[in-house]
**Q** 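Pasting a structure here, questions to come.
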Amino acid sequence: MEKDWWKGKVAYQIYPKSFKDSNGDGVGDLKGITEKLDYLQDLGIDILWLSPIYKSPFIDQGYDISNYYAIDPIFGTMEDMEELIAEGKKRGISIIMDLVVNHCSSHHEWFQKALADPDGPYADYFYFIESDKEPNNWESYFGGSVWEPVPGTNKYYLHSFHKDQPDLNWQNPVLREEIYKMINWWLDKGIAGFRIDAIINIKKDLEWRSLPSDRDNGLVPVPESLVNAQPIEPFLRELKERTFAKYNAFTVGEVFNETDEELHFFIGKDGVFSSIFDFKQTMLGQEGKGWFDHALPTADELKESIFQAHERADSIGVLSTIIENHDEPRGVSPLYCGRSSKRYQ
């Protein structure tokens, strides 16, 4: 059997802003990462995942991208990025980037052109829905309605996250071509792959149905709408074939609520991704009332969760088991929550 190049490798996430500041401006940068490559090599790191470094207004810490082809000046220049890729390769360290294609920034050229002509072609890069009120009762991940009025029109645009992160319309083949072109541009530069953000959200319930709510505000979290969404499989198959497969790229999908039956589609020999995150360990002890109502898992519960992940996936492919990342509290945080500290004692 031919072994995938990334198997057996150690991957490490870097949040660039807080990693290494090379110029004393108080913000970590690409040169700072390059300066630490020998240190990372000594640690045994094979793959570096960089949180977003693209041009951004940083409404959502870089997950609101205003230019996919540019490095934000707070991190340096494209030349700095090319140097990092080249120096990493000298040390056997591959660089992967965050790929954010469910949405972009409201500052992106595409959205600005859509606002300038809400009936023009760029409006179809997004979900502009004509309505005399919010089209449904979905609640964004950031709270409040997913719908925001398009100024000067009787239309609303969809944002599953912040209102300055309009969702991209994957139904539009012209938009998909733009995304594939951008991905291949980065792979041609020499990056080794991507961590793929919020990818499950690209599928939508195109009937925009309101759902029953038991909340005082009458809203329903947007993930619940995905139950009625159109199939995601054609999009992800096309994405892989047009980009990742051509470069033997390493990809980790941010996938949630996948069933055991769906694992064959997401990972493994014919999977659309090299791996997906397994969030089960981060969820241990959660009781649905936020981070600060968290019972401390026992060692046996943690062990059992890890064993179950292997039992469900090892005959198929590779899950990326995590304890924390930039979206999660520190792994030790439950120790300091009121109820969990009692249990710890």
**Q** So which atom in Gly8 and which in Asp46 form the shortest heavy-atom distance, rounded to 0.1 Å?
**A**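 Answer, listing the atom of Gly8 first, then Asp46: O-OD2, 4.4 Å.
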**Q** Would you call Arg91 and Glu87 a salt bridge, using N to O less than 4.0 angstrom?
**A**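 Salt bridge between Arg91 and Glu87, a charged N being under 4.0 Å from a carboxylate O: yes.
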**Q** Is there a donor-acceptor pair under 3.5 Å between the side chain of Asn184 and the backbone N or O of Arg242?
**A**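 Checked: pair present.
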**Q** Between Ala192 and Leu187, what is the shortest heavy-atom contact and its length?
**A**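 That would be C-CD2, 4.5 Å.
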**Q** Can a donor-acceptor pair be found, under 3.5 Å and without considering hydrogens, that links the side chain of Asp21 to the backbone of Gly26?
**A**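 Here the side-chain-to-backbone pair exists.
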**Q** Check the side chains of Tyr54 and Asp98 for a donor-acceptor pair under 3.5 angstrom, ignoring hydrogens and angles.
**A**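 No - no donor-acceptor pair under 3.5 Å links their side chains.
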**Q** Would you kindly say whether Ser160 and Asp167 are connected by a side-chain donor-acceptor distance under 3.5 Å?
**A**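 Side-chain D/A pair, Ser160 to Asp167: present.
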**Q** Taking the six-membered ring of Trp185, is the NZ or CZ of Lys181 close enough (under 6.0 Å from the centre) and on axis enough (within 45°)?
**A**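 No, cation not above the ring by the 6.0 Å, 45° rule.
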**Q** Does any donor atom in the side chain of Glu178 or Tyr68 lie under 3.5 Å from an acceptor atom in the other side chain?
**A**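 Result is no, nothing qualifies.
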**Q** With distance as the sole test, does Gln112 use its side chain to make a donor-acceptor pair with the main-chain N or O of Ser106 at under 3.5 Å?
**A**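 Yes, Gln112 side chain to Ser106 backbone: donor-acceptor pair under 3.5 Å.
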**Q** Evaluate the side-chain proximity of Asp117 to Lys113: yes if any heavy-atom separation is below 4.5 Å, no if none is.
**A**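 Contact flag for Lys113/Asp117 side chains = no.
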**Q** How about Ile179 and Trp170: do any of their side-chain heavy atoms sit closer than 4.5 Å?
**A**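 Side-chain contact under 4.5 Å: yes.
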**Q** Write down the atom of Leu219, the atom of Gly144, and the distance for their closest heavy-atom approach.
**A**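 In terms of heavy atoms, the two residues are closest at CD1-C, 3.9 Å.
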**Q** Any ring-ring contact (aromatic ring centres under 6.0 Å, His included) pairs touching residues 191-217, not counting sequence neighbours?
**A**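 Listed once each, the pairs are Tyr127-Trp208, Trp138-Trp208, Trp147-Trp208.
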**Q** Are the side chains of Asn137 and Ser213 in touch, meaning some heavy atoms are under 4.5 Å apart?
**A**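 The answer is yes; the side chains approach within 4.5 Å.
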**Q** Short question: side chain of His103, backbone of Tyr63 - any donor-acceptor pair under 3.5 Å?
**A**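 Checking the backbone N and O of Tyr63 against the side chain of His103, a donor-acceptor pair under 3.5 Å is found.
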**Q** So, does Thr243 use its side chain to make a donor-acceptor pair with the main chain of Tyr180 at under 3.5 Å?
**A**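 Looks like no, no N/O pair under 3.5 Å.
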**Q** Determine whether Leu37 and Leu84 make a side-chain contact, defined as any pair of heavy atoms from C-beta on separated by less than 4.5 Å.
**A**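 Heavy-atom side-chain distance check passes, below 4.5 Å.
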**Q** When you measure from the side chain of Lys55 to the backbone of His108, do you find a donor-acceptor pair of N or O atoms at a distance under 3.5 Å?
**A**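 Side chain of Lys55 to backbone of His108: no pair is present.
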**Q** Counting C-beta onward and ignoring hydrogens, is there a side-chain heavy-atom pair between Phe128 and Asn169 closer than 4.5 Å?
**A**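 A side-chain contact under 4.5 Å is absent here.
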**Q** Tell me whether Tyr15 shares a hydrophobic cluster with Met97, the cluster being built from Ile, Leu, Val, Met, Phe, Trp, Tyr side chains joined at under 4.5 Å.
**A**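 In one cluster with Tyr15: Met97, no.
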**Q** Would you tell me whether Tyr122 and Glu109 have side-chain atoms, one donor and one acceptor, within less than 3.5 Å of each other?
**A**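 Absent: no donor and acceptor within the cut-off.
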**Q** Which distance, rounded to the nearest 0.5 Å, do you find between the CD1 of Ile33 and the CE of Met81?
**A**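 Taking CD1 in Ile33 and CE in Met81, the distance rounds to 8.0 Å.
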**Q** Do Asp197 side-chain atoms and Leu99 backbone N/O form a donor-acceptor pair below 3.5 Å?
**A**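 Side chain of Asp197 to backbone of Leu99: no pair is present.
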**Q** Asn172 and Val174: which non-hydrogen atoms are nearest, and at how many Å?
**A**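 Heavy atoms of Asn172 and Val174 come nearest at OD1-N, 2.9 Å.
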**Q** Look at the side-chain heavy atoms of Ile, Leu, Val, Met, Phe, Trp and Tyr, link any pair under 4.5 Å apart, and say whether Ile267 and Phe235 land in one connected group.
**A**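 Yes, it is one cluster - the side chains of Ile267 and Phe235 are joined through contacts under 4.5 Å.
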**Q** Using the ring centroid of each side chain, check whether Tyr157 and Phe111 are separated by less than 6.0 Å.
**A**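 Ring centroids of Tyr157 and Phe111 are less than 6.0 Å from each other.
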**Q** Looking at CD1 of Ile53 and CG of Leu30, how far apart are the two atoms once the value is rounded to the nearest 0.5 Å?
**A**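 Reported value, rounded in 0.5 Å steps: 4.5 Å.
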**Q** Give a yes or no answer on whether the side chain of Gln230 reaches the backbone of Lys203 with a donor-acceptor pair at less than 3.5 Å.
**A**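 Not confirmed, Gln230 side chain does not pair with Lys203 backbone.
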**Q** Report whether Phe277 and Phe307 are members of the same hydrophobic cluster (ILVMFWY, side-chain heavy atoms less than 4.5 Å apart, transitive linking).
**A**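 No; Phe307 is not reachable from Phe277 via cluster members.
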**Q** Any donor-acceptor pair under 3.5 Å linking the side-chain atoms of Asn228 with those of Glu207?
**A**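 No donor-acceptor contact under 3.5 Å links the two side chains.
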**Q** When clusters are formed by joining ILVMFWY residues with side-chain heavy atoms under 4.5 Å apart, either directly or through shared neighbours, do Ile59 and Leu168 land in the same one?
**A**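 Cluster IDs for Ile59 and Leu168 differ.
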**Q** Any side-chain heavy atom of Val252 sitting closer than 4.5 Å to one from Trp49?
**A**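 Not touching, per the 4.5 Å side-chain cut-off.
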**Q** Search all heavy atoms of Ala309 against all heavy atoms of Leu319 and return the closest pair with its distance.
**A**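 Distance-wise, the nearest heavy atoms are O-CD1, 3.7 Å.
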**Q** Given 3.5 Å as the limit, does a donor-acceptor pair link the side chain of Ser320 with the main chain of Ser275, or not?
**A**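 Not a single qualifying donor-acceptor pair exists.
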**Q** Side-chain atoms of residues 69-77: list all donor-acceptor pairs with protein atoms under 3.5 Å, sequence neighbours left out, distances to 0.1 Å.
**A**
unit_1: Tyr69; atom_1: OH; unit_2: Met182; atom_2: N; d: 3.4
unit_1: Asp72; atom_1: OD1; unit_2: Ile74; atom_2: N; d: 3.1
unit_1: Asp72; atom_1: OD2; unit_2: Ser56; atom_2: N; d: 3.1
unit_1: Thr77; atom_1: OG1; unit_2: Glu79; atom_2: N; d: 3.3
unit_1: Thr77; atom_1: OG1; unit_2: Glu79; atom_2: OE1; d: 3.3
unit_1: Thr77; atom_1: OG1; unit_2: Asp80; atom_2: N; d: 3.1
unit_1: Thr77; atom_1: OG1; unit_2: Asp80; atom_2: OD2; d: 3.3

**Q** Quick check: do Ile200 and Phe266 have side-chain heavy atoms less than 4.5 Å from each other?
**A**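 The answer is yes, as the side chains (C-beta and beyond) meet within the 4.5 Å cut-off.
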**Q** Can you label the angle between the Trp110 ring and the Tyr125 ring as parallel, tilted or perpendicular, going by 30° and 60°?
**A**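 Trp110 and Tyr125: perpendicular rings.
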**Q** State whether Phe250 and Lys9 meet the cation-pi test: NZ (Lys) or CZ (Arg) under 6.0 Å from the six-membered ring centroid, and within 45° of the perpendicular axis.
**A**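 Relative to the ring axis of Phe250, which defines the angle, Lys9 lies outside at least one limit.
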**Q** Mark yes or no for whether Lys20, through its side chain, and Lys17, through its backbone, hold a donor-acceptor pair below 3.5 Å.
**A**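 Pair absent, no side-chain N/O of Lys20 close to backbone of Lys17.
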**Q** Please examine the side chains of Trp6 and Val318, heavy atoms only from C-beta on, and report whether any two atoms are closer than 4.5 Å.
**A**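 Sidechains of Trp6 and Val318: in contact.
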**Q** Is the terminal nitrogen or CZ of Lys240 (NZ for Lys, CZ for Arg) located under 6.0 angstrom from the six-membered ring centre of Phe244 and within 45° of that ring's axis?
**A**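 No, Lys240 does not sit over the ring of Phe244.
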**Q** Any chance you could measure Ile85, atom CD1, to Thr34, atom OG1, to the nearest 0.5 Å?
**A**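 These two atoms lie 9.5 Å from each other.
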**Q** Taking all non-hydrogen atoms of both residues into account, name the closest pair between His159 and Pro166 and its distance.
**A**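 What the structure gives for the nearest pair is CB-CA, 4.3 Å.
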**Q** Is Leu158 linked to Val227 within one hydrophobic cluster, defined over Ile, Leu, Val, Met, Phe, Trp and Tyr using a side-chain heavy-atom separation of less than 4.5 Å?
**A**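 No, separate clusters.
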